[in-house]
Protein chains: 2
Amino acid sequence: MARAVAEKHDEILAAAARRFAVTGYRGTSLQDIAREVGCSKAAVLYHFANKEAILTELMAPAIEVLQALDERIAAHAGADAQRVAAEGFVDLAVRFRREIALLRGEFPELLQQPAFAHIQRISERLIDALAGHPERASARITAFVLLAGISETCGEFVDVPDEELRSALLALVRRALEPVD
Amino acid sequence: MARAVAEKHDEILAAAARRFAVTGYRGTSLQDIAREVGCSKAAVLYHFANKEAILTELMAPAIEVLQALDERIAAHAGADAQRVAAEGFVDLAVRFRREIALLRGEFPELLQQPAFAHIQRISERLIDALAGHPERASARITAFVLLAGISETCGEFVDVPDEELRSALLALVRRALEPVD
DNA sequence: TCAGGCGTTGACCGATCGGTCAGATAGGGC
DNA sequence: GCCCTATCTGACCGATCGGTCAACGCCTGA
């Protein structure tokens, strides 16, 4: 029985991921998810406290890796931090591109939600590290283009093999980045 | 009287732009816009047929310029098309960054709406032109990162002076792009 | 002076949202 | 055979959405 519960839990999670990826978080209703699973909306809410809990659980692994990257960047300094940030973020984006895709540009709003409040601060530090010269506006602009662009792109090119996507992005980042002198 | 009507029309438009920029299109209700203007929701709908009409009118100038860019790219060929696409898009993004900002990542859904159907095709051609080698996956990935990243960035850095943003983006694009041989 | 229409309003509509709840069902332990 | 509980359901809730509508005041041209 316990196994059956876990199965249903995961089934709902997978269905939600599929729907979120197509119509986004806000654009997907609990009814949509229930229909995809083949059960009632009430059943979905029996397995999850509320809609946000589904999203939170779906994003948990990606957030964990993001936090680990944040700590790794903090542990380095100077040019090393820039390299760690660049490679770390590309890896993360490629690996979790399905999770990124399901946010479909709803980042700004979702980041406001308390559950994701700390993500914003991590993003800030990531941009600083990637910029190399955080005080130079052009460096920050470059970093922002890369972060936002890579996120969006990974959400779009879900069918390209991991290694191909990864190497293309890394090559682009190396070309685009102004090195720390 | 006719002037008063036009004034109110523009006032509603400006209020909608302000609200959209903060909470996005979907996240802004007609009630929100009416409150910002200081009138009733019904009054807003007296001046505009529906909510979508407000967005359409708000985006019209940007879409016109995008279409003009599309035609200019089509009129060129080879390496020239890549340069035209790059410079044209950066100019467009910087100039209309407030309009871009108010979409707040709702592009994917909005592009589905019939009013913006052709924008998707224009974007495809823009990516091809920017990629230079549209058949090479890495070139398309690079182009996508730049387009998506620049859009997002322009929506974010609304306070940076036009020329500073423009030159930083152009420099980045030149570094990032693989030239057509 | 008065009829007509423009701009505006609040009340209302149906649809949909996330979420609640009491009760039906079924299956395993006693 | 009986009960208990985990699972699930349909009916329902209040809130909010975009949009409609009859009616009202006011301005204007005849």
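Reminder, nothing fancy here: chain letters follow the sequence lines and each chain counts from 1.
B:S40 comes within 4.0 angstrom of a nucleotide base, judged by non-hydrogen atoms across all strands. If you check every strand for non-hydrogen atoms under 4.0 Å, B:L30 touches sugar and phosphate atoms only.
The interatomic distance linking B:H47 (NE2) with C:dC6 (P) rounds to 13 Å, in whole Å. Atom P of nucleotide D:dC8 and atom NE2 of A:H9 are separated by 13 Å, given to the nearest angstrom. Rounded to whole Å, atom P of D:dG19 lies 13 Å from atom CZ of B:F48. Atoms CZ (B:R26) and C1' (C:dT16) sit 11 Å apart, rounded to a whole Å. What separates CD of A:Q31 from P of C:dA15 is a distance of 15 Å, to the nearest Å. Atom CG of A:N50 is separated from atom P of D:dC13 by 22 Å (rounded to the nearest Å). In this structure, B:I12 atom CD1 and C:dG7 atom P are separated by 11 Å, rounded to whole Å. Atom pair B:Y46:OH and D:dC24:C1' shows a separation of 14 Å (rounding to whole Å applied).
A salt bridge between B:R83 and B:D80 is present, with a side-chain N of the basic residue lying under 4.0 Å from a carboxylate O of the acidic one. B:D162 and B:R95 are not joined by a salt bridge, as no carboxylate oxygen comes within less than 4.0 angstrom of a charged side-chain nitrogen. Salt bridge annotation for A:E11-A:K8: absent, with no cationic side-chain nitrogen under 4.0 angstrom from a carboxylate oxygen. Between A:E124 and A:R140 there is a salt bridge, with a side-chain nitrogen of the basic residue lying less than 4.0 Å from a carboxylate oxygen of the acidic one.
One N or O donor and one acceptor, one from the side chain of A:K41 and one from the base of C:dG19, sit under 3.5 Å apart.
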